[in-house]
Structure formats: structure tokens, C-alpha cells
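Notes to accompany the following structure.
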Amino acid sequence: MTQFKDNDSDLQQVAGNGLLHRRLFLGRGAAMLGGLGLFSASASAQQGPLQIPQWMLEPGAHMSGYGQRSQYEEGVQRIVGGAPGVSGSGVSFTPLQNLHGTITPNSLHFERHHSGVPNINPEEHRLLIHGLVSRPLVFSMDDLMRYPTVTRIQFLECSGNSFNNMLPEAQQAPVGVLHGLMSCSEWTGVPLSILMDEAGVEPEGDWVLAEGADAAAMSRSIPMEKIMDDAIIALYQNGERLRPENGYPMRLFLPGWEGNMAVKWLRRLKVNRDPTMTRDETSHYTDVLLDGRARMFTYPMAVKSVITSPSTGLNLNSGPGIYEITGLAWSGAGRIRRVEVSADGGASWAEAAISGPALDKSFTRFRMAWRWNGGPATLKSRAIDETGAVQPTRDELVSIHGERSNYHNNSIQTWHVAENSGEVSNVYA
Ligand code: CO
């Protein structure tokens, strides 16, 4: 946890239990805090000149063909969970507690595999578009690379993200385990509308079956409207070719929609009159409701946010003082309009500072200055998107979904900060 030295009594509280005005994290506000010495809790030049470290006494390593992170950062890892006894089936979580900014490094992007990661030779891989089209088409990688591309920064969230917070007891796990089935990348690929126009979709072709080239032949039905709106065949992620675990050599990408539909290792798009009712969209990815009925074809990921620090394991070790509360907000419906933070369990809220432009269907980083007085605190964040949709509380979500649904949990995360120790825990409140 970053702690600032709290020696300015003029810092204005704007909501209960010590939340400060967002201007502290906008424009010159942070510089003002610096001028007050609030960032230098432990820094002091009084101990004399710097020592000459060993690495200044000899030349460093040579250039390398492909970069690696520092050996001192190797502890930052995806948290891998598998289905017992099922090879290659399960999830790995993005360690949100270790990440800042809004872009997820490719090596830490979350994973969900249904039958392992295929080792696909791009020379042999083909994409077929067929069904209700006037001209069935087969694309090699070389064929696809000749088409125009688009580049967008957008999130991808598993429909089952935050399923841990549907368990009867709040789990004391890192924020990455609670909410890390989501990531955000710069995606580059070919707009699918171009390929569909070339194939010539028949008037009754309202649905598209998308099938992957993994051993599960994972498949979902996609409405043609989305395919023609903003769907792409993604080829690049954060500037380099997709990683195998994220669909190399190509995946479907449907901005703002549940991750499972962004079919990886894409090999086939069949235009149909109706949805196919595949195993993956009937046995999984339907939302059981409190009254026993189930919702099918729930595609957009709703407005959501989570405070990533403080969070479980990121405790307030430095004692009372000014801290930065920071987290991520996103919405499958568009841009984030506003993020509000509460330090008193939702009794009062203050608007957080948004870093940079809030991009469409992308992670948005928010920050809030907070003066912790050493007492108990209950932290929440609440996102509002450009459609006016407001992130619900857990109680509001449960009143509709019950606690049996593992999908589409966009409810507010609550962190409890313990008096004196500053230890942070996950609570339902
Ligand atoms: Co859904």
C-alpha cells in the first residue's frame, strides 16, 4: 500500500470516513500533494550519498531477441485452477492485485479452456465461412492477412467472473482470484462484416455458429447483428500475435460480450436461421434465476467495478494516514461515466478521479485519496456507465439471481479494513 504523510489539515473531506476530493488525483493535484511532502513517507536524503551498487561496476547483459521481465518479478503469476481429473479444463486468473494501469500483459491474461490449448500450425489452419451464404469461403492465414484491420483497446471478461463471491461464505482470497477472470488488451483484427459481405449472407441468416479448433470443438451461436456490428477476427494482442492460450492463430472477439463467445482457435463460422443450441450454450453459460427458471443468451457484460487496492492481502500496514484507493471499472454497454467510492459501507459516496480517457468497453482506472483514521472502514466502489446503468449491490443481484448462478455477477465488492491492524478482508455487506 502507498501511504502519504498526512500533515495538511486543509485536505477537504467529501464523504464519510475520510474520503477526499478527486482533484487531488487530477491535473496538478498530485503535484500539490508532493509539494506538501505527502508522498515522501519513507524517503529521506539525510543518510548521505548513494552507494555504488555492484551492477554499476561491470557491463550489463547483451541485447536479446525476445525480452524477459526482471527475475525479481517472477513471483507475479496467473493463479491456475483446474477441474480435477480433466486434462486442460479449467481457468487461470489474472493477478489483479499485482497490476496497475489498464492493459493486461499477454502472459497474465486470464484463461478458460474446455479441453486444453491446441498447438496449431498456422500454415495448416483454415477458417471456413459457410451455411446460408451465396459464396462459401475458406481463408488461410496468408489470405486473412491481406484484409484491412482495426485496433481497439477492450476488455474481455468471462461470464463466470466473480463466481467466488456467490459462495455462501465470503472467500479470503486475493482480488485476482475473486475477480481475475477478466483482462484488457489492445486487439487488432479483421472486421467480420467485411468477410460476411464477401460471402454474401442470405436474408434468413440471422445466427452464426462459431466453432474452435480445440479438442472440445467449443462452439457458440452469435446473433448476426453483433457479427455485422463490431465483431473482429483477432490476430494481434497488445501488438504481437495472439498467444496460444488466447486463441493463436485467430479468435473471434465480440466487444463487451461474455468471454466464452469470443471463440478461440476459430475454424468455422456457419450462418444459420436459428441458434444451434450447442452443448456450451445450454449446459453452461445460462443463468439460473431465484425462481428456478434460467436465462439463455445473456450476452453483454454489465457495468462493474472493483477496488484492487486496498484488497485482501494488500493491507494498510503503515498506520493511519492518507492512502490511494484504486481500482478498475468497465461496462459491456460502452464507456464508464462515473465511479463512486464509499468508505462507510455505502452510507455516503464520493466521485473518484478517472485516469485518462474512459474508452468504449475498456478497463477504466479510478483513484481516490483517503485519509484512514485507524478505525474500522468498509470500502466499496460503484460504477455508472454512459447508458446510466448503475452497478448493483450483492443483495440486489441475489434478489434476482439467487446464489446458484455462477454467471453475470457484476455486484459491488466490499472490503472491510480492520481497526488498528489495517488488515483487509472480503465481506458481504
Ligand atoms: Co451470459
Side-chain angles (χ1 to χ4, degrees), residues 1-44 96-101 172 174-175 179 305-329 336 338-356 364-384 391 393 412-429:
M1 279 302 304
T2 310
Q3 191 207 13
F4 313 134
K5 193 161 52 185
D6 175 15
N7 61 359
D8 181 9
S9 58
D10 295 332
L11 297 174
Q12 179 199 345
Q13 179 170 317
V14 293
N17 207 3
L19 293 179
L20 305 179
H21 197 280
R22 68 184 185 282
R23 69 168 168 261
L24 289 172
F25 285 156
L26 291 170
R28 293 282 298 158
M32 186 271 280
L33 283 173
L36 295 170
L38 296 179
F39 294 105
S40 53
S42 62
S44 169
L96 300 171
Q97 65 278 7
N98 300 124
L99 300 181
H100 292 264
Q172 300 312 319
V175 62
H179 302 289
S305 70
V306 60
I307 293 170
T308 54
S309 178
S311 58
T312 317
L314 301 181
N315 301 323
L316 279 57
N317 293 322
S318 309
I322 297 182
Y323 287 84
E324 180 189 79
I325 296 171
T326 185
L328 295 165
I336 291 297
R338 191 166 80 247
V339 181
E340 299 167 343
V341 172
S342 176
D344 55 14
S348 64
W349 298 84
E351 189 173 347
I354 299 287
S355 286
T364 298
R365 176 64 65 173
F366 64 88
R367 294 185 168 86
M368 166 72 74
W370 176 42
R371 185 203 305 266
W372 181 48
N373 61 13
T378 304
L379 304 178
K380 295 171 182 279
S381 66
R382 175 170 72 185
I384 296 109
Q391 185 180 2
T393 65
I412 290 172
Q413 167 68 49
T414 306
W415 303 115
H416 183 257
V417 178
E419 188 173 6
N420 299 323
S421 71
E423 188 175 341
V424 182
S425 55
N426 180 25
V427 293
Y428 297 159

Pair listing, salt bridge (charged side-chain N to carboxylate O under 4.0 Å, His left out) test, anchored in residues 346-355, at least two apart: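 Found R22-E351.
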Which atom of [X] lies closest to which atom of [Y], heavy atoms considered:
X: L96; Y: L328; result: CD2-CD1, 4.3 Å
X: A347; Y: D344; result: N-OD1, 3.1 Å
X: V427; Y: H416; result: CG1-CB, 3.8 Å
X: F25; Y: R367; result: CD1-CB, 3.4 Å
X: A350; Y: V14; result: CB-CG2, 3.5 Å
X: L379; Y: P310; result: CD1-CG, 3.8 Å

Short side-chain to backbone donor-acceptor contact, K380 and A429, under 3.5 Å: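 Yes.
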Short side-chain to backbone donor-acceptor contact, T326 and T308, under 3.5 Å: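 Judged by distance alone, no pair lies under 3.5 Å.
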From [atom1] ([X]) to [atom2] ([Y]), nearest 0.5 Å:
X: E419; Y: N373; atom1: CD; atom2: CG; result: 9.0 Å
X: L20; Y: Q12; atom1: CG; atom2: CD; result: 8.5 Å
X: Q413; Y: S381; atom1: CD; atom2: OG; result: 8.0 Å
X: W415; Y: I325; atom1: CH2; atom2: CD1; result: 12.5 Å
X: I412; Y: I307; atom1: CD1; atom2: CD1; result: 10.0 Å
X: H179; Y: S311; atom1: NE2; atom2: OG; result: 9.0 Å

Please identify each residue that fulfils side-chain contact (heavy atoms from CB on, under 4.5 Å) with [X], with sequence neighbours left out.
X: L99; answer: T94, T104, P105, L108
X: A329; answer: S305, I336, V339, F366, A383
X: Q172; answer: A170, T312, S425, N426

Full working for side-chain contact (heavy atoms from CB on, under 4.5 Å) between T378 and T414: CA-CA 7 Å; T378 304; T414 306; 3.3 Å; yes
Qualifying residues under side chain to side chain donor-acceptor pair (under 3.5 Å), relative to E340, sequence neighbours excluded: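 Side chain to side chain donor-acceptor pair (under 3.5 Å) check on E340 returns R338, R382.
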Salt bridge (charged side-chain N to carboxylate O under 4.0 Å, His left out) partners of R365, counting only residues at least two apart: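 Per chain and number, R365 pairs via salt bridge (charged side-chain N to carboxylate O under 4.0 Å, His left out) with no residue.
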Any L314 side-chain heavy atom under 4.5 Å of V424 side chain: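 Answer no - side chains too far apart.
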Ring geometry between Y323 and W372 (parallel below 30°, tilted from 30 to 60°, perpendicular above 60°):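 Judged by the thresholds at 30° and 60°, the geometry between W372 and Y323 is perpendicular.
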